[in-house]
Amino acid sequence: MRAASETPTEPALPSPELLAERLLPWFDANNRTELPWRRPGTTAWGVLVSEVMSQQTQVARVAPVWEAWMERWPTPADLAAAPTADVLREWGRMGYPRRALRLQECARAIAEDHGGTVPADPAELEKLPGIGNYTAAAVAVFHYGGRHAVVDTNVRRVVARLGGRADAGTATTRADLAATASLLPEDAPTAARVSLALMELGALVCTARKTECAACPLSDACGFSGQEVPAGPSRKRQRYKGTNRHVRGEVMALLRDADGPVERARIDAVWHDARMVNEAVAQLIEDGLIGTDEAGRFELPSR
DNA sequence: CATACGTGGTT
DNA sequence: TAACCAAGTAT
């Protein structure tokens, strides 16, 4: 008799041995080796940059920016020394430009506090600006080959489905981390490959809107195999059109594309609601994404 | 735990 | 056409 406090029975997750046995051959055949940061010789810094750029931006959009970026600023010291306006322009239209600011701060911290070497310890990585639980683990695992759970949206979804659920919850939980960790084999280099393969499976086969169980190496070990993904949003989505973020985006686009400092009147012209422009401009200044010159005109920050 | 934070590809 | 959602982080 199970205690009342126990959760209902769910399909058990596969053993690490079975998972690796199924997943690794699949990964060897399906690994997207064309992703530029997967080229042999990519530095830890290059991997870190690719991970930050890929936070909420599709990898296909990231790849060309990453190429140009690493050509221009190959090391943390290079990015640390760059004018921030150049950094924001190179970031282009990838979205969430605060990430670019954090990445430059990260470069400065690594250059100044870590002798230019990207840390290998997730706890140390997570202290850096813009580096959270996922990115810290990703660098520690994908570059350094460590044995840590790498839990992004793909992995959370795959692990949830292995356990018989259609999808994971809204945020990464302790349970997600523990469940993913329980799937890792003891050997660190093998665990690192399993981590990347799990993510790749979620990106290519076990996707948000549909499952491709026929192409999945884990289908016979999966609690969700053969089931349809329920229609409708898996979680609450934020609107974009007409929001403050939208106005911020318009202002940033104007300043990125401008040759020099921009008059306030041109800023005001990006949006019909003057109050929203005021709010957006004030926030962007506060965030350090834009600045003003001695004449009160607006521009991307020089430093 | 919920929400703010950009932009565009895919369905 | 819209809706959905993308290698998340900070608050």
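Here is how names work: the chains are called A, B, and so on, in the same order as the sequence lines, proteins then strands, and each is numbered from 1. On a predicted model such as this, the values are computed, not experimentally measured, just so you know.
- Near DNA chain B, meaning a heavy atom under 4.0 Å away, the residues from residues 58-75 of chain A are A/Q58, A/R61.
- No N or O donor and acceptor, one from the side chain of A/T172 and one from the base of C/dG8, sit under 3.5 Å apart.
- Between A/T170 and B/dA2, a side-chain N or O to OP1/OP2 separation shorter than 4.0 Å is present.
- Residue A/R256 places none of its side-chain N or O atoms closer than 4.0 Å to OP1 or OP2 of B/dG6.
- For A/T135, a side-chain nitrogen or oxygen approaches OP1 or OP2 of C/dT9 to under 4.0 Å.
- Listed pair A/R237 / C/dC5 meets the phosphate criterion, a side-chain N or O lying under 4.0 Å from OP1 or OP2.
- Remark: A/E105 does not engage A/R108 in a salt bridge, criterion side-chain N to carboxylate O under 4.0 Å.
- A/Q55 contributes no side-chain N or O that forms a donor-acceptor pair with the base of C/dA7 under 3.5 Å.
- Contacts of A/L35 with the nucleic acid, taken as non-hydrogen atoms under 4.0 Å apart, include base atoms.
- C/dC5 and B/dC5 are spaced 15 Å apart, taking the C1' atom of each and rounding to whole Å.
- Between the side chain of A/R156 and the base of C/dA6 there is no donor-acceptor pair of N/O atoms closer than 3.5 Å.
- Taking hydrophobic clusters as Ile, Leu, Val, Met, Phe, Trp and Tyr residues chained together by side-chain heavy-atom distances below 4.5 Å, A/V270 shares a cluster with A/I285.
- Within 4.0 Å (heavy atoms only), A/R239 reaches no atom of the nucleic acid at all.
- For DNA chain B, the neighbouring residues in residues 82-111 of chain A, judged by any heavy atom under 4.0 Å, are A/R93, A/M94, A/G95, A/Y96, A/P97, A/R98.
- Judged by distance alone, the side chain of A/R156 and the main-chain N or O of A/G169 form a donor-acceptor pair under 3.5 Å.
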